[in-house]
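Heads up: the structure comes next, in structure tokens.
Throughout, a chain's letter reflects where its sequence line sits, starting with A, and its residues are numbered from 1.
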There are 2 protein chains.
Amino acid sequence: MEFNSDTEQKIMRAATEVFLEKGKDGARMQEIANRAGINKALLHYYFRSKDKLFEQVFRQEFKFILSNIVQVLSVTDDFKEFLRQFVRNYLQAIIPRRNLMRFIIWEIAKMQPNLVQYFFETFREHGYTENPVILRIKKAIDEGQIKPVDPVQFIMSFLGMCIFPVMAAPILQHILYHLDINDADFIEQRVEAILDLVWNGIKP
Amino acid sequence: MEFNSDTEQKIMRAATEVFLEKGKDGARMQEIANRAGINKALLHYYFRSKDKLFEQVFRQEFKFILSNIVQVLSVTDDFKEFLRQFVRNYLQAIIPRRNLMRFIIWEIAKMQPNLVQYFFETFREHGYTENPVILRIKKAIDEGQIKPVDPVQFIMSFLGMCIFPVMAAPILQHILYHLDINDADFIEQRVEAILDLVWNGIKP
DNA sequence: GTCTATACATCGATAGAC
DNA sequence: GTCTATCGATGTATAGAC
């Protein structure tokens, strides 16, 4: 068996689509086969079972989004500029994959805790042994770039501001008028809104 | 048929548990019956179908959390104090129901847009014809209690800070050390963290 | 590798006795 | 109202021809 055959890729693409949309329980092998332009039997030939196929999709998507985060960490030494880049980069990755965060948050709560190894696997692949986001914040505090804040509380706030609007977009668009996540200007507007709100609270 | 028979209540309780944990697709009528201490046939006797049972559970939970929001809106005129009460009250409602927000965000994205009528139904029941959260923010701006900010952007940020930590708790607890959402002090610590971060960004 | 046909399990729903 | 027994549909997985 070739490692990344054309068919295998078509299946992974289709499976990613369906799983992200319907979730593991709602996804149907038949629908994945249809979208991949093949038949059900071939799915099992390549991936043995629905469980194994799901596992691969989840791993792929999870590592994608986490690598994305880790890569921005060392881009600039200026902390405010780092936050700006972080939001922009993260939203650019997340918004086109409309269901990604919704899917991950939903599915991860049903998993065994040992699957959190994905985090540290990815950290290690990028040369970190500890949570690098916490390290980055502590460094900014030590250097006097921001005032002393609880890194954990700050991470929860900041990630929430980035992720929630994307995840809840299907509802928000109906109750917050004129909101369009996919608008060309949305990302830059969101970047500025977050930084305006946050910076005064953490600047030294 | 009595309106709220004892059995009916037991079913609703069990169904709520299972649906919030497993989602609509992952939930099994058998498991709901087991947890309610009855058999499958009785489920259909009371609720006709899984769809109808789910619909009732979703409606109940959705209205619960939305009523909770609306009630705090008119508690105080001081906007900063309002924010504080909002966070506290919301977290108190959400945290004990560990899967509530995760469930709603997940399921609502799969629904027909017309189910967003639940929002305005609840708004109307409390005497509002427009989105009352936006109104509240606009009022604070008009009165000079906060500086002019985009209400939509602010709502996304603020809700994100409240909801995300609870929804993502299963992951966060593993990568943000010493974090315990269920700790007695968590809510007050979170309240202060959010207000510290936010207030400097919006005070006049 | 890819297909058709089918086995096997499970789930939602109903029939019918009490 | 509540139960047992079972039907019918659907979903995952496999057997076997090509």
Taking five pairs at each terminus, the helix from C/dG1-D/dC18 to C/dC18-D/dG1 shows an axis bend, to 10°, of 10°
Are B/Lys24 and B/Glu55 close enough for a salt bridge, meaning some N to O gap below 4.0 Å?
no
Using the ring-ring contact (aromatic ring centres under 6.0 Å, His included) criterion, which residues pair with B/Phe158? Sequence neighbours excluded.
B/Phe86, B/Phe154
Return the set of residues passing ring-ring contact (aromatic ring centres under 6.0 Å, His included) with B/Phe119 (not counting sequence neighbours), or none when no residue passes.
B/Phe62
It should be established whether [X] places a side-chain nitrogen or oxygen under 4.0 Å from OP1 or OP2 of nucleotide [N].
{"X": "A/Asn39", "N": "C/dT2", "result": "no"}
{"X": "A/Thr7", "N": "C/dT2", "result": "yes"}
{"X": "A/Tyr46", "N": "C/dT2", "result": "yes"}

What is the distance, rounded to the nearest whole Å, between atom [atom1] of [X] and atom [atom2] of [N]?
{"X": "A/Leu42", "N": "D/dC18", "atom1": "CG", "atom2": "P", "result": "18 Å"}
{"X": "B/Leu53", "N": "C/dC11", "atom1": "CG", "atom2": "C1'", "result": "15 Å"}
{"X": "B/Tyr45", "N": "C/dG16", "atom1": "OH", "atom2": "P", "result": "17 Å"}
{"X": "A/Asp6", "N": "C/dT2", "atom1": "CG", "atom2": "C1'", "result": "14 Å"}
{"X": "B/Asn34", "N": "C/dG12", "atom1": "CG", "atom2": "C1'", "result": "15 Å"}
{"X": "B/Lys10", "N": "D/dG1", "atom1": "NZ", "atom2": "C1'", "result": "12 Å"}
{"X": "B/Leu43", "N": "C/dC11", "atom1": "CG", "atom2": "C1'", "result": "13 Å"}
{"X": "A/Glu8", "N": "C/dT2", "atom1": "CD", "atom2": "P", "result": "11 Å"}

Indicate every side-chain donor-acceptor pair of residues 174-186 of chain B with a distance under 3.5 Å to a residue at least two apart or in another chain.
from: B/Asp180; atom 1: OD1; to: B/Asn182; atom 2: N; distance (Å): 3.1
from: B/Asp183; atom 1: OD1; to: B/Asp185; atom 2: N; distance (Å): 2.8

Please confirm whether the backbone N or O of B/Asp77 pairs with a side-chain atom of B/Gln145, one donor and one acceptor, at under 3.5 Å?
yes
Can you tell me if CZ on A/Arg48 sees more than 12 non-hydrogen neighbours from other groups inside 6.0 Å?
no
B/Lys22 meets the salt bridge (charged side-chain N to carboxylate O under 4.0 Å, His left out) criterion, sequence neighbours left out, with B/Glu31
Residues B/Arg190 and A/Ser157: side-chain donor-acceptor under 3.5 angstrom:
yes
How does protein reach along nucleotides 7-13 of chain D, written 5' to 3' as B (base within reach of a heavy atom under 4.0 Å), S (only sugar-phosphate), or - (no contact)?
----SBB
Are the aromatic ring centres of A/Phe19 and A/Phe54 under 6.0 angstrom apart?
yes
